[in-house]
Undergrad: 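Would you mind keeping the following structure in view while I ask a few things?
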Amino acid sequence: MTDGTIGLAHGVALYACAVLGAGVLVLPGQAASLAGPASLVAWGFSALLGLALAFTFAALAVRHPDAGGVATFTAAAFGHTLGGITGWWYLVAGSVGQTVVALTAGYYVTAAAGVSRRWSPAVAAAVLACAVVANLRGLRTGARVQVALALGVAAILVTVVLVALPQVHRAELTPFAPAGVDGIGRAVVVLFFAFAGWEAVAHLSGEFRDVRRTLPAATLITVVVVTVLYLGVALAVVGTRAYGAPALDRIALGTVLQRGLGLSALHVVAVAAVVICVGTTNAYVASVSRLGYALGRDGWAPAALARRNRHGAPARAVLTVSAIGAVGLVGAALLGWGTDGIVVIPSVLVLATYLVASAAAVRLLTGARRLVAVVALVLLLLAVPYAGRGLAIPLLVAAVAAVTHRVRRGRRAATPPVSAP
């Protein structure tokens with residue numbers, strides 16, 4: 001797994017496209033609907049948490065460069081059982097998250113085309129297919145595309161912020177917290193999906209060139225970019241009141257641009273949505289499939305996931321991860337599932353993953369790095385009560401992981417040893 005294909009530019013690109021993904025398009029509106037203008041507090045809290053988590057995951061990845069990522073860190077700190085379960089949490093979170101990412105592109109494209117939202121899953125399927133093809137051909141193909149996508153994402157979001165500035169009115173910030181602290185807390189939980197990219201790239205740490213220098217540098221650059229752009233876009237949506245209903249929340253950035261530049265801007269942001277979502281999906285398929293590879297290798301998932309194709313890609317893991325995302329698209333097409341409901345699943349699983357990974361970092365790291373991990377852990381614990389009934393999701397996934405591991409272990413025990421000729 002140490003191919004050494006990822007340099008600084010590609011590392012920043014992976015981070016930017018993983019973190020500055022579909023969440024920038026749908027979550028500012030959804031968070032504002034939950035907390036009102038006080039959603040800016042939720043974004044600020046999440047940015048502070050993201051800063052601590054980014055450097056915590058970078059420090060862990062440098063110390064334990066492996067495709068298992070979070071699962072490897074947790075196993076090193078607390079044993080293989082919790083490590084395997086944590087790996088499953090992230091595997092399911094990333095796989096389900098693809099449904100949110102791809103559907104977001106579908107919402108914007110159908111809105112720009114003036115067709116029924118029922119066509120959104122079809123557009124989403126095309127986005128997911130692009131990521132599958134790129135990843136089946138190997139990481140090098142994705143690397144060239146990823147750098148261009150990261151630059152495009154940053155340019156698009158800067159444009160949104162600049163266009164929104166003349167539209168922002170102080171009156172839109174009152175009442176500031178109509179839903180109180182509870183609304184802010186629920187918004188924070190939803191925003192975990194927006195900051196889920198830090199550990200996504202950690203799963204690729206084994207493929208960085210000179211990981212001890214390249215990974216921390218890529219982290220620092222991306223933290224600054226992500227924080228500025230996320231807060232700017234959140235202010236743009238709140239300050240122009242481009243939120244308040246699910247249909248509006250899902251195309252909030254398009255609404256901001258349309259009000260500032262006219263109807264044609266909606267077509268531009270639809271193109272932007274496709275660019276962002278293809279980049280995000282590509283990064284997640286790459287990282288989550290390699291986690292599936294590691295889980296299959298270590299006996300926590302079916303052994304077939306630990307096989308590679310002629311391009312060196314974990315083909316069956318790529319297809320499995322993508323199939324989970326496709327199930328969500330089928331649900332959206334047949335049952336009317338929306339991103340505002342689906343996003344709760346990956347958000348709560350990311351929260352659980354971060355809690356365990358931060359606790360592992362407190363045990364494994366030393367000095368200033370341990371202090372940063374402590375800060376991350378405390379901030380995470382503050383958010384837990386607002387997850388509510390969603391906390392049952394990590395428990396269910398843990399049960400499935402434990403059963404799968406027991407079945408794999410039972411099959412190994414039942415297989416007779418091969419006698420020497």
Side-chain angles (χ1 to χ4, degrees), residues 1-6 10-11 13-14 17-18 61 64-75 80 83-99 101-102 127-146 196-197 199-209 211 278-327 346 353 397 400-401 404-405 407-408 411-412:
M1 293 297 293
T2 55
D3 298 330
T5 61
I6 302 177
H10 183 206
L14 283 172
C17 284
H64 300 279
D66 183 80
V70 175
T72 300
F73 310 150
T74 306
H80 292 289
I85 290 174
T86 303
W88 265 82
W89 285 342
Y90 181 74
L91 179 71
V92 175
S95 300
V96 175
Q98 292 172 84
T99 303
V101 173
V127 170
L128 182 59
C130 289
V132 172
V133 171
N135 278 277
L136 287 177
R137 294 189 62 189
L139 185 61
R140 290 182 183 276
T141 300
R144 291 191 292 269
V145 176
Q146 209 75 28
E199 81 291 341
V201 181
H203 294 298
L204 297 174
S205 60
E207 300 184 44
F208 272 78
R209 291 196 302 267
V211 65
V278 168
T280 302
T281 306
N282 189 51
Y284 267 90
V285 171
S287 60
V288 178
S289 64
R290 280 159 176 77
L291 173 58
Y293 170 93
L295 292 174
R297 176 196 66 193
D298 297 338
W300 277 92
L305 298 187
R307 297 177 185 173
R308 294 174 175 269
N309 63 12
R310 62 189 179 88
H311 297 290
R316 295 192 180 184
V318 169
L319 294 174
T320 299
V321 166
S322 303
I324 296 173
V327 169
T353 303
V397 174
V400 173
T404 302
H405 182 53
V407 170
R408 279 287 309 271
R411 287 178 178 175
R412 287 180 177 179

Undergrad: At their closest point, which heavy atom of Arg408 faces which heavy atom of Ala303, and how far apart are they?
TA: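 Looks like NH1-N, 3.2 Å.
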Undergrad: Out of curiosity, Arg290 CZ to Asn135 CG, how far, rounded to the nearest 0.5 Å?
TA: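 That separation rounds to 6.5 Å.
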Undergrad: When you compare the side chain of Thr86 with that of Tyr90, does any pair of heavy atoms fall below 4.5 Å?
TA: no
Undergrad: Hey, what do you get for CG (Asn309) to CG (Leu136), rounding to the nearest 0.5 Å?
TA: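 Those atoms lie 6.5 Å apart.
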Undergrad: What is the minimum heavy-atom distance between Ala317 and Tyr293, and which atoms define it?
TA: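 Distance-wise, the nearest heavy atoms are CB-N, 4.1 Å.
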Undergrad: If I compare all heavy atoms of Ser95 with all of Val288, which pair ends up nearest, and what's the gap?
TA: OG-CG1, 3.9 Å
Undergrad: Indicate yes or no: at least one non-hydrogen side-chain atom of Ile324 is less than 4.5 angstrom from one of Val92.
TA: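 Contact flag for Ile324/Val92 side chains = no.
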Undergrad: About how many Å separate CD1 of Ile85 and OG1 of Thr74, when rounded to the nearest 0.5 Å?
TA: 10.5 Å
Undergrad: Quick one: CH2 on Trp89 to OG1 on Thr353, what's the gap to the nearest 0.5 Å?
TA: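 Output value for this atom pair is 6.5 Å.
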Undergrad: Provide the closest heavy-atom pair for Asn282 versus Ala134 in the form atom of the first, atom of the second, distance.
TA: OD1-CB, 3.6 Å
Undergrad: Could you report the tightest heavy-atom contact between Ala306 and Gly296, atom names first, then the distance?
TA: CB-C, 3.9 Å
Undergrad: Do any N or O atoms from the side chain of Trp88 and from the backbone of Trp300 form a donor-acceptor pair under 3.5 angstrom?
TA: yes
Undergrad: Taking all heavy atoms of Leu91 and all of Leu291, pick out the closest pair and write down the distance.
TA: N-CD2, 3.7 Å
